[in-house]
Amino acid sequence: MSTPVVRRISECFIKPHRPIEESNQICYLAPWDIILLSYHYIQKGLLFKKPPTLVDQQNFIENLLEKLKHSLSFTLSHFYPLAGRLVTHTTQDPPSYAFFVDCKNSDGARFIYASLDMTISDILTPVDVPPILHSFFDHHKAVNHDGHTMPLLSIQVTELVDAVFIGCSMNHTLGDGTSYWNFFNTWSQIFQSQAQGHEYNVPISHQPILNRWFPSDCDPSVNLPFKHHDEFICNFEAPFLRERVFHFSAESIAKLKAKANSESNTTKISSFQSLSALVWRSITLARSVPYEQKTSCKMAINNRSRMEPPMPEEYFGNLVQVVSAETTTRELLENDLGWAAWLLHVAVTNHNDKVVLQSLQGWLQSPFIPQIGRLFDPYSVLMGSSPRFNKYGCEFGMGKAVAIRSGYANKFDGKVTSYPGREGGGSIDLEVCLLPHIMRALESDKEFMNAVSVSNPLF
């Protein structure tokens, strides 16, 4: 039997519904945005079940596509940089290397309609995430610097036999996970309001703040020590990885938290720090890392609440950093869960406004562009995304999504992406990417698998 393939049926470009003022035509990228130029786009999407009483398939999908396009146009009026393109401007005297978004000279955001002869069961039943999920997203393997010639936002709507997958690829220099899900939720809110007959002036819950934040005395024309982008852009190719989603119920996570706090004689360790400690210890054990080897657990952390004064959650841009806890394999595995969780707690607690600004000033003095393949070593684990994001709140006339999935982007051995569990209540899904032999060892780890819960499929 031949393997089904995703067929692209049509594509178009969507521009903001409301004209943009001349003063807002250019949006400079801040240092935290520029740092991500060699990373991939953010690729996340939602799988929706088609209405069970559906009679006319063709009419349903045509109406859905038109409503998605229409509401997207209105949404882009609030998030207009997503309809632009990246531009680099260099000068020799004085030397400068500035990146900005041209919001005027662009075709807009790309909108793709595709189809696939598969079902929800084909997607969610296998133990591993099927590789075909990567084809549910545009900009496969593109890095953010490609936004000079590629759309900064691309939406792909893939119709399955009994479902619709809405995949969004957003240039990471435009925003982090907080920004990404604010866009997605706003689009959903406008879609639902328009479906109820409220066409114009739809009030949105979290109006994005588009003005970029720069530290004092920082010129938007950041002077990067490069003459050409080939000096700092590298296309990272991940090895073959197994991707699997593990579900942790609220009850299971509560037990982990209680265990970690009890073992550390504290009440300060969070649920996510406890779960991350379990993942760190379990993956390190599965890797059979030498006992004297250094190992680390890195966590993506939102700087908005850590700034003084705090930055609003509506800030549209990148205010995320990675904090790290490090120890030897021997210490990690010979001590208990609480010991590892406390290391993570301390790393998070110590990340304050002073640390944030010091790291930023250090980068401004010696700017560089990190590379995915060099930043994370084979002994580290990276906990990315957040279960706090309102991902299942995004609805587009088909009810609550049945699953969240991601594309190829920014994955490597040891990358763990966290999502809220569909049932809510503090449950968490972890998408774990590992080399095949390491995944097999993890699946044989009784302590880890005992904490994993059986999810209830809704198809």
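Side-chain atoms are counted along with the backbone in the values below, which use heavy atoms only and exclude waters and symmetry mates.
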Student: Kindly say whether the aromatic ring centers of F246 and F448 come within a distance under 6.0 Å.
Tutor: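 Yes, the ring centres sit under 6.0 Å apart.
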Student: Provide the full list of ring pair (Phe, Tyr, Trp, His ring centres under 6.0 Å) pairs with a residue in residues 324-357, sequence neighbours left out, each pair given once.
Tutor: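 Applying ring pair (Phe, Tyr, Trp, His ring centres under 6.0 Å) to every pair that reaches into residues 324-357, excluding sequence neighbours, yields W342-H345.
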Student: Quick one: does N302's side chain get under 4.5 Å of V320's, heavy atoms only?
Tutor: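 No. Closest side-chain heavy atoms not under 4.5 Å.
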Student: Can you list every pair that meets ring pair (Phe, Tyr, Trp, His ring centres under 6.0 Å) and has a residue in residues 259-294, with sequence neighbours left out?
Tutor: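 Listed by first then second residue: nothing to list.
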Student: Would you mind reporting whether W181 and N390 have side-chain heavy atoms less than 4.5 Å apart?
Tutor: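 Heavy-atom side-chain distance check fails, nothing below 4.5 Å.
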Student: Students often mix this up, so state it plainly: with edges at 30° and 60°, are the rings of H145 and F99 parallel, tilted or perpendicular?
Tutor: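 The rings of H145 and F99 stand perpendicular, inter-plane angle above 60°.
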Student: Could you check if a side-chain atom of Y39 sits within less than 4.5 angstrom of a side-chain atom of L37, using non-hydrogen atoms only?
Tutor: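 No, their side chains stay 4.5 Å or more apart.
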Student: Answer yes or no: is there a side-chain heavy-atom contact under 4.5 Å between S188 and F396?
Tutor: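 When only atoms from C-beta onward are counted, F396 and S188 do touch, with a gap below 4.5 Å.
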Student: List the residues meeting salt bridge (charged side-chain N to carboxylate O under 4.0 Å, His left out) with K391, not counting sequence neighbours, and say none if there are none.
Tutor: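 Scan of K391 (salt bridge (charged side-chain N to carboxylate O under 4.0 Å, His left out), adjacent residues dropped) gives none.
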Student: What's the separation between atom CD1 in I120 and atom CG in D162, rounded to the nearest 0.5 Å?
Tutor: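 Reported value, rounded in 0.5 Å steps: 4.5 Å.
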Student: Going by atom types only, do S359 and Q321 share a side-chain donor-acceptor pair under 3.5 Å?
Tutor: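 Present: a donor and an acceptor within the cut-off.
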Student: Report yes or no: do S406 and K411 form a side-chain donor-acceptor pair below 3.5 Å?
Tutor: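 Per modelled atom types, S406 and K411 side chains form a pair under 3.5 Å.
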Student: Testing the 3.5 Å rule here: is there a donor-acceptor pair between the side chains of T88 and H148?
Tutor: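 H148 and T88 do have a side-chain donor-acceptor pair below 3.5 Å.
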Student: Working to the nearest 0.5 Å, report the span between CG of L430 and CE of M383.
Tutor: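 Those atoms lie 5.0 Å apart.
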Student: Whether E431 and R244 form a salt bridge (side-chain N of Lys/Arg under 4.0 Å from carboxylate O of Asp/Glu) is what I want to check.
Tutor: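 Salt bridge flag = no for E431 with R244.
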Student: If you round to the nearest 0.5 Å, how far is OG of S262 from NZ of K257?
Tutor: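 Interatomic distance, K257 NZ to S262 OG, rounded to 0.5 Å: 13.5 Å.
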Student: Would you list the pairs meeting ring pair (Phe, Tyr, Trp, His ring centres under 6.0 Å) in which at least one residue belongs to residues 120-143, sequence neighbours left out?
Tutor: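 Every ring pair (Phe, Tyr, Trp, His ring centres under 6.0 Å) pair that includes a residue of residues 120-143, provided the two are not neighbours, is Y41-H139, H134-Y408, F136-F165, F137-F165, H140-Y408.
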Student: What pairs with Q358 under side chain to side chain donor-acceptor pair (under 3.5 Å), at least two apart in sequence or on another chain?
Tutor: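 Counting only residues at least two positions away or on another chain, Q358 forms no side chain to side chain donor-acceptor pair (under 3.5 Å).
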Student: Mind listing the closest non-hydrogen atom pair of G108 and R85 along with its distance?
Tutor: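 Where G108 meets R85 most closely, the heavy atoms are O-NH1, 3.2 Å.
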Student: Kindly determine whether L241 and D413 satisfy side-chain contact (heavy atoms from CB on, under 4.5 Å), including the steps that lead there.
Tutor: CA-CA 7 Å; L241 301 169; D413 177 43; 4.1 Å; yes
Student: Does D176 pair with R304 as a salt bridge, N-O distance under 4.0 Å?
Tutor: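 Yes.
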Student: State which residues pass side-chain contact (heavy atoms from CB on, under 4.5 Å) with F79; sequence neighbours excluded, sorted by chain then number.
Tutor: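 Partners of F79 under the side-chain contact (heavy atoms from CB on, under 4.5 Å) test: T75, L82, N182, F183, T186, P208, F316.
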Student: Does this structure show an ion pair linking R242 with D128, if we count only N-O contacts that are shorter than 4.0 Å?
Tutor: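 A salt bridge is present here (some side-chain N lies under 4.0 Å from a carboxylate O).
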Student: Side chains of P239 and L435: closer than 4.5 Å at any heavy-atom pair?
Tutor: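 They are in contact (side-chain heavy atoms under 4.5 Å apart), so the answer is yes.
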Student: Could you give the distance from NZ (K50) to OG1 (T119), rounded to the nearest 0.5 Å?
Tutor: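 Reported value, rounded in 0.5 Å steps: 11.5 Å.
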Student: Could you pull out the closest heavy-atom pair between C433 and E243, with the gap in Å?
Tutor: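 Taking every non-hydrogen atom into account, SG-CG, 3.7 Å.
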Student: Under the side chain to side chain donor-acceptor pair (under 3.5 Å) test, which residues partner S135, sequence neighbours left out?
Tutor: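 Once residues adjacent in sequence are excluded, S135 has no partner under the side chain to side chain donor-acceptor pair (under 3.5 Å) criterion.
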Student: What is the minimum heavy-atom distance between E263 and L337, and which atoms define it?
Tutor: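 Looking at all heavy atoms of both residues, the closest pair is OE1-N, 3.2 Å.
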Student: Does a side-chain heavy-atom distance below 4.5 Å link T178 with Y180?
Tutor: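 T178 does not reach Y180 side chain to side chain.
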Student: Testing the 3.5 Å rule here: is there a donor-acceptor pair between the side chains of D138 and Q156?
Tutor: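 D138 vs Q156: no donor-acceptor pair found between side chains.
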Student: I want to check something: taking the side chain as every heavy atom from C-beta on, are F226 and I369 in contact at a cut-off of under 4.5 Å?
Tutor: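 They are in side-chain contact.
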Student: Distance from I155 atom CD1 to L65 atom CG, nearest 0.5 Å?
Tutor: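 Reported value, rounded in 0.5 Å steps: 12.5 Å.
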Student: Apply side-chain contact (heavy atoms from CB on, under 4.5 Å) to I132 and V6, showing your working.
Tutor: CA-CA 8 Å; I132 200 166; V6 173; 4.2 Å; yes
Student: Would you sort out whether E326 and T295 count as a side-chain hydrogen bond (donor to acceptor under 3.5 Å, both in side chains), showing the intermediate values?
Tutor: CA-CA 6 Å; E326 183 177 293; T295 177; over 6 Å; no
Student: Are side-chain N/O atoms of E159 and S115 paired as donor and acceptor at under 3.5 Å?
Tutor: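 The criterion, which ignores hydrogens and geometry beyond distance, is not satisfied for S115 and E159.
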Student: Verify side-chain hydrogen bond (donor to acceptor under 3.5 Å, both in side chains) between E11 and Y113, making sure each step is shown before the conclusion.
Tutor: CA-CA 6 Å; E11 71 172 65; Y113 166 49; over 6 Å; no
Student: Please lay out, stage by stage, how Q189 and S205 fare under the test side-chain hydrogen bond (donor to acceptor under 3.5 Å, both in side chains).
Tutor: CA-CA 8 Å; Q189 189 175 349; S205 301; 3.2 Å; yes
Student: Please lay out, stage by stage, how Q371 and S38 fare under the test side-chain hydrogen bond (donor to acceptor under 3.5 Å, both in side chains).
Tutor: CA-CA 6 Å; Q371 308 297 323; S38 196; 2.6 Å; yes
Student: Not counting sequence neighbours, which residues clear side chain to side chain donor-acceptor pair (under 3.5 Å) with S271? List them please.
Tutor: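 Applying side chain to side chain donor-acceptor pair (under 3.5 Å) to S271 gives none.
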Student: Using side-chain contact (heavy atoms from CB on, under 4.5 Å) as the criterion, list what pairs up with D117, not counting sequence neighbours.
Tutor: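 side-chain contact (heavy atoms from CB on, under 4.5 Å) check on D117 returns V161.
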Student: Working note: R422 + D429, criterion salt bridge (charged side-chain N to carboxylate O under 4.0 Å, His left out); need CA distance, chi angles, decisive distance, verdict.
Tutor: CA-CA 8 Å; R422 188 184 188 276; D429 288 340; over 6 Å; no
Student: Can you tell if the side chain of Y392 reaches within under 4.5 Å of the side chain of Y419, non-hydrogen atoms only?
Tutor: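 Counting from C-beta outward, Y392 and Y419 never come under 4.5 Å.
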Student: For V356 and M307: C-alpha separation, side-chain torsions, deciding distance, then whether side-chain contact (heavy atoms from CB on, under 4.5 Å) applies.
Tutor: CA-CA 8 Å; V356 170; M307 306 289 284; 3.7 Å; yes
Student: Please assess D445 against R440 for the test salt bridge (charged side-chain N to carboxylate O under 4.0 Å, His left out), listing each intermediate value before the final yes or no.
Tutor: CA-CA 9 Å; D445 184 327; R440 286 194 299 272; over 6 Å; no
Student: Between R212 and D33, does at least one N-O distance fall below 4.0 Å, as a salt bridge requires?
Tutor: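 A salt bridge is present here (some side-chain N lies under 4.0 Å from a carboxylate O).
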Student: Only counting residues at least two apart or in another chain, list the ones meeting side-chain contact (heavy atoms from CB on, under 4.5 Å) with D146.
Tutor: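 Applying side-chain contact (heavy atoms from CB on, under 4.5 Å) to D146 gives A142, V143, M150.
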Student: Just jot down the salt bridge (charged side-chain N to carboxylate O under 4.0 Å, His left out) partners of K354, sequence neighbours excluded, or say none.
Tutor: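 K354 satisfies salt bridge (charged side-chain N to carboxylate O under 4.0 Å, His left out) with no other residue.
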Student: Can you tell me how far NZ of K268 sits from OG1 of T349, rounded to the nearest 0.5 angstrom?
Tutor: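 The OG1 atom of T349 sits 7.5 Å away from the NZ atom of K268.
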Student: Looking at residues at least two apart in the chain, or sitting in another chain, which of them share a salt bridge (charged side-chain N to carboxylate O under 4.0 Å, His left out) with E395?
Tutor: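 If we apply the salt bridge (charged side-chain N to carboxylate O under 4.0 Å, His left out) test to E395, skipping adjacent residues, there are no hits.
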